[in-house]
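Worksheet: one structure, shown below.
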Amino acid sequence: RQVSARFFAVQLLGQAYGPDVLKLVVARLLGVAQTAIFGFAQSITDMIRNYLPAHLLVGWVRPLLVSRYVERRDFAELTMLTNLVLKSNLFGVAPLVAYFALHGDAFGALVSGGKYPAAGALLMWLSVLIAFQTVHLVLSLVTITVEGAGANIIASIASCAGLPLAVALAPHFGVVGVAWSLIAGELIWCAVAWIMLGRNGVRLVAERLGHVKIIGAAALSFVFARALGSGDVTWPACVVNLLLTGVVFLAVSAILKPFTDDERAVFGKFLPLRWFVW
């Protein structure tokens with residue numbers, strides 16, 4: 001009962017620095033027009049986030065983490081599954097960040113019917129936010145698994161610093177500054193939760209090389225898309241640019257192979273390994 005009450009408190013604290021509260025900050029400091037742009041970009045990135053592996057498979061991942069940990073008390077396997085989910089989501093987010101960095105304005109203009117032709121930077125930073133939200137989600141699953149509600153509460157209190165940061169940044173950087181404050185809040189939450197888990201004996205080791213390979217593949221896709229992509233604000237150009245970014249990213253990732261053998265073995269339970277070349 002105490003653990004459940006603590007996690008409920010975490011949910012309440014999380015609203016203090018979340019996007020819904022920050023919409024009120026944007027409306028108060030920047031006006032209704034900027035609030036509309038922020039809401040539009042957030043709705044796009046929220047839809048993307050909801051179709052990423054960690055969010056689609058959260059109902060499967062949570063009992064898997066709990067059952068494996070209770071059965072074996074093996075932090076190595078817990079770490080492997082954590083890295084698997086994190087890399088799977090980054091695998092989807094990284095090329096989107098590259099695409100929005102190059103063609104976000106054109107995408108925003110087309111999707112909004114010309115209402116928001118300058119939403120590219122906001123779409124890019126909110127896509128970066130998704131990566132940190134994934135880390136938050138996975139660490140939350142770990143704290144639930146090891147019944148570490150205390151780490152969640154302390155991390156949630158610390159991350160409330162994102163709210164005053166949004167108030168400070170918004171007048172100078174607009175809605176992009178608000179996106180930065182959201183990223184800062186998630187970064188604080190993840191850092192504090194990671195440290196608290198470590199102090200409680202839960203040793204999670206990030207598989208840095210795989211993450212670096214994914215980011216490197218996204219960087220190369222950015223370079224190719226910038227050199228070969230089209231700047232036209234049309235649906236055919238939008239689709240071609242998206243495909244170009246995605247295909248280059250997948251091809252480079254297939255060469256770099258960011259997933260370990262153990263992680264590929266997990267994917268092998270759902271897909272023939274000859275299809276999973278990353």
Side-chain angles (χ1 to χ4, degrees), residues 19 37-38 40-56 83 85-112 116-138 162 169 173-187 190 206-231 233 237-256 258-259 278:
I37 295 175
F38 185 81
F40 163 75
Q42 184 195 348
S43 66
I44 295 293
T45 53
D46 280 353
M47 181 178 64
I48 293 170
R49 182 193 63 197
N50 292 336
Y51 283 95
L52 290 173
H55 294 266
L56 283 175
N83 279 299
V85 176
L86 290 177
K87 283 196 283 189
S88 297
N89 261 36
L90 185 61
F91 196 77
V93 170
L96 279 174
V97 172
Y99 172 76
F100 285 139
L102 284 172
H103 305 292
D105 286 345
F107 177 87
L110 289 168
V111 173
S112 67
Y116 308 119
L122 184 58
L123 285 167
M124 182 192 72
W125 286 112
L126 289 180
S127 296
V128 173
L129 174 65
I130 293 175
F132 289 99
Q133 288 175 331
T134 301
V135 181
H136 183 150
L137 173 64
V138 172
L169 293 177
F173 301 100
V175 288
V176 170
V178 176
W180 291 346
S181 74
L182 281 168
I183 294 171
E186 292 292 352
L187 182 59
C190 295
E207 204 279 293
R208 296 184 182 90
L209 181 59
H211 291 84
V212 169
K213 288 179 178 179
I214 293 173
I215 294 171
L220 284 174
S221 72
F222 175 90
V223 172
F224 275 88
R226 185 173 184 177
L228 303 176
S230 170
V233 185
C238 178
V239 173
V240 169
N241 290 331
L242 184 59
L243 287 175
L244 176 62
T245 306
V247 168
V248 172
F249 172 79
L250 291 175
V252 174
S253 297
I255 297 171
L256 296 178
F259 294 94
W278 299 281

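If you're wondering where the values come from, they're calculated on a predicted model, not measured in any experiment.
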Rounded to the nearest 0.5 angstrom, the CG-CG distance for L102 and L242 is 11.5 Å
Any side-chain heavy atom of L86 sitting closer than 4.5 Å to one from V135?
-> yes
Over all heavy atoms of both residues, which pair between A94 and F249 is shortest? Give the atoms and the distance, please.
-> CB-CE1, 4.3 Å
Nearest heavy-atom approach of T245 to P95 is CG2-O, 3.6 Å
Quick one: pull up NZ in K87 and CG in N89 and give me the separation to the nearest 0.5 Å.
-> 13.0 Å
Sequence neighbours excluded and cut-off under 3.5 Å, please list the side-chain donor-acceptor pairs for residues 211-220, or say none.
| residue | atom | partner | partner atom | Å |
| --- | --- | --- | --- | --- |
| H211 | ND1 | E207 | O | 2.8 |
| K213 | NZ | L256 | O | 3.0 |

Residues V248 and S221: closest non-hydrogen pair is CG1-CA, 3.6 Å
Under the 3.5 angstrom rule, does the side chain of W278 hit a backbone N or O of L250 as a donor-acceptor pair?
-> yes
Supply the atom-to-atom distance I130 CD1 to I48 CD1, rounded to the nearest 0.5 angstrom.
-> 5.5 Å
Could you check T134 against L90 for side-chain contact (heavy atoms from CB on, under 4.5 Å), going step by step and ending with a plain yes or no?
-> CA-CA 8 Å; T134 301; L90 185 61; over 6 Å; no
Please assess E186 against L182 for the test side-chain contact (heavy atoms from CB on, under 4.5 Å), listing each intermediate value before the final yes or no.
-> CA-CA 6 Å; E186 292 292 352; L182 281 168; 5.8 Å; no
Do D105 and P117 come close enough that some side-chain heavy atom pair is under 4.5 Å?
-> no
Atom CZ of F40 and atom CG of L122: how far apart are they, to the nearest 0.5 Å?
-> 9.5 Å
For Y99 against C238, the heavy-atom pair lying closest together = OH-SG, 3.0 Å
How far apart are the closest heavy atoms of L169 and S181, and which atoms are they?
-> CD1-N, 4.4 Å
Could you give the distance from CG (L96) to CD1 (I44), rounded to the nearest 0.5 Å?
-> 11.0 Å
Do other residues, nucleotides or ligands put more than 12 heavy atoms under 6.0 Å from the CZ atom of F224?
-> no
In Å and rounded to the nearest 0.5 Å, what is the CD1 to CG distance from I37 to L123?
-> 10.5 Å
Only counting residues at least two apart or in another chain, list the ones meeting ring-ring contact (aromatic ring centres under 6.0 Å, His included) with F100.
-> F107
Classify the ring geometry between F173 and W180 as parallel (under 30°), tilted (30 to 60°) or perpendicular (over 60°).
-> tilted
